[in-house]
Amino acid sequence: MRIVFDQQPEVGFGISIGRHAYMIVQHDQRTNRHGDEVQVSIWRGRCAECGAAFDQYTRMDFAPESCRCAEHKRPGKRATMTNTVSEGAR
Ligand SMILES: [Zn+2]
């Protein structure tokens, strides 16, 4: 379920989602797919796989969703048993 804020939380704002804690470290702007400048929040969290700190950005009024660093995120490429076997067989 999406957590949505009424307004953009301040830098330093922290939130816990499940067992994962995130904190806003910066406000920034990004260009969305329509070419519009949008205000975003940069969140810092720790990867559920390796524990490394990583940053992710969300729309200004959205809470973070990812709980993995860029290296472990890879949607659809989870380390399933099948993947592990095929990679080890290379
Ligand atoms: Zn990781």
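For ligands, and for the atoms within them, numbers begin at 1 and follow the listed sequence. Since this is a predicted model, take the numbers as computed values, not measurements. Numbers here simply count residues along the sequence, with the first being 1. The analysis underlying the following values was restricted to heavy atoms, covering all of them including side chains, and did not include hydrogens, waters or symmetry mates.
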_Once side chain to side chain donor-acceptor pair (under 3.5 Å) is applied, what residue pairs with a partner in residues 41-55 remain, sequence neighbours excluded?_
Gln8-Ser41, Trp43-Thr58, Arg44-Asp55, Glu49-Arg68
*For the Zn ion (ligand 1), which protein N/O/S atoms are closer than 2.8 Å?*
Cys47 SG, Cys50 SG, Cys69 SG, His72 ND1
*Between Tyr57 and Gln26, is there a donor-acceptor pair closer than 3.5 Å when you use the side chain of the first and the backbone of the second?*
no
*asked:* Does Gln7, at its CD atom, have more than 12 non-hydrogen atoms belonging to other residues, nucleotides or ligands within less than 6.0 Å?
replied: no
*Might you point out which heavy atoms bring Gln56 and Tyr22 nearest each other, and give the distance in Å?*
NE2-CE2, 3.6 Å
_A side-chain contact here means heavy atoms from C-beta on lying under 4.5 Å apart; do Thr31 and Glu37 qualify?_
yes
*asked:* If you count heavy atoms of other groups shown closer than 6.0 angstrom to CD of Glu10, is the number above 12?
replied: no
